[in-house]
Amino acid sequence: MLVELGDLTGMWDGTLEQLTILAESRILTPASAARLAMRHACEIGHSRAGSEICRSARSYSHHLVLVGDLFSRSAFRIVERASGAWVACATFASFDLLSEICPMDGAPFCILPSANGRTKPSIELRRPRDWRADLANLIAAADRPGERHLLVVGGLPNSGRSRAVIVAGIEEGLRRNGLCVRYGRSCASNVVGTADERERQSRRHLVLIEIAFPGLVRGSGAGR
């Protein structure tokens, strides 16, 4: 698994170790193992109130919201409980489901991996004023989009230096994996802050991006 279950839940015990083994043995899918791990972390939080492992799970675990049918059209959003940072993922075909799980407020931006599953994907960053309308127009005009994926990155400051630092850090995190980053509507490279500051402030979102679409931040590519 590219993302360790301990990173996902903020805890580690024998149950998560067994889930990891089952996922690596392909008895469970990584998605199923992740959902079971998050449920286990939540149960631990209720049954061991006051313990160190409980406080860790509550502070650093993630919340998963899933809509649709996993075997046809679906979309999901992963939220880090502590910070409110979130990343949603869908295909072009299930884009409409994002309206059910993504907050109406805030100013998210979008990541569109390339559709070519044979090579390391290129990335298009889009930061329009209205991401729903922008993506709807893009998808309507797409030529045979197929099962192309899209990610919506939210839980960001609405404006200002803090937002710019996080976005720049996310861009650098994608580039470090050798991805070609292109810029779409209302989005351009904007290097703000020091390298350490960008890496530190963007880490939460980069972890969520890797959970949602393995291979964009770590690994040899994401053929989805």
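Taken to the nearest 0.5 Å, the CG atom of L5 stands 4.0 Å off from the OG1 atom of T20. Note that the CZ atom of R198 and the OG1 atom of T194 stand 6.5 Å from one another [nearest 0.5 Å]. Separating the CG atom in L151 from the CG atom in L208 is a distance of 10.5 Å, to the nearest 0.5 Å. One distance of note links CD of E124 with SG of C110; it measures 9.5 Å at 0.5 Å rounding. Residue E17 holds its CD atom at 11.0 Å from CG of L22, rounded to the nearest 0.5 Å. H149 contributes atom NE2, which lies 10.5 Å from atom CG of L216 (distance to the nearest 0.5 angstrom).
For R175 and E171, the salt-bridge test passes: some basic side-chain N is under 4.0 Å from an acidic carboxylate O.
Residues R77 and L98 are not in side-chain contact: their nearest non-hydrogen atoms beyond the backbone lie 4.5 Å or more apart. You'll find the side chain of R161 reaches within 4.5 Å of the side chain of E197, heavy atoms only. Using a 4.5 Å heavy-atom cutoff, the side chains of R176 and L206 are in contact. The side-chain heavy atoms of W86 and I78, taken from C-beta on, include no pair separated by under 4.5 Å. Proximity of L174 to L125: side-chain heavy atoms (C-beta onward) are separated by under 4.5 Å at one or more points. A 4.5 Å side-chain heavy-atom check between V65 and F76 finds every atom pair outside the cut-off. With a 4.5 Å cut-off on side-chain heavy atoms, I170 and V153 count as touching.
With hydrogens and angles ignored, the 3.5 Å screen pairs no side-chain donor or acceptor of N137 with any backbone N or O of A140. A donor-acceptor contact shorter than 3.5 Å is absent between the side chain of S94 and the backbone of L97. A donor-acceptor pair under 3.5 Å links the side-chain atoms of R148 to the main chain of P113, judged by distance alone. Looking only at distances, no side-chain donor or acceptor of R132 sits under 3.5 Å from a matching main-chain atom of S99.
Results of the side chain to side chain contact (heavy atoms under 4.5 Å, CB included) test with L150 over W131, F213, F92 single out F92 as the only residue that passes.
Of all heavy-atom pairs spanning I166 and P157, the tightest one is CD1-CD, 3.8 Å. Closest of all the heavy-atom pairs between S74 and L66 is CB-CD1, 4.4 Å. Heavy-atom minimum distance, I211 versus P214: O-CD, 3.9 Å. Among all heavy-atom pairs drawn from A23 and A33, the shortest one is CB-CB, 3.9 Å.
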For this session: Decide side-chain hydrogen bond (donor to acceptor under 3.5 Å, both in side chains) for E80 and S83; before the verdict, give the C-alpha distance in whole Å, the side-chain angles of both, and the deciding distance to 0.1 Å.
Result: CA-CA 6 Å; E80 190 196 63; S83 67; 2.5 Å; yes

For this session: Show the numbers, then the answer: is there a side-chain contact (heavy atoms from CB on, under 4.5 Å) between L138 and L112?
Result: CA-CA 11 Å; L138 177 70; L112 277 70; 3.2 Å; yes

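With sequence neighbours excluded, no residue satisfies side chain to side chain donor-acceptor pair (under 3.5 Å) with Q18.
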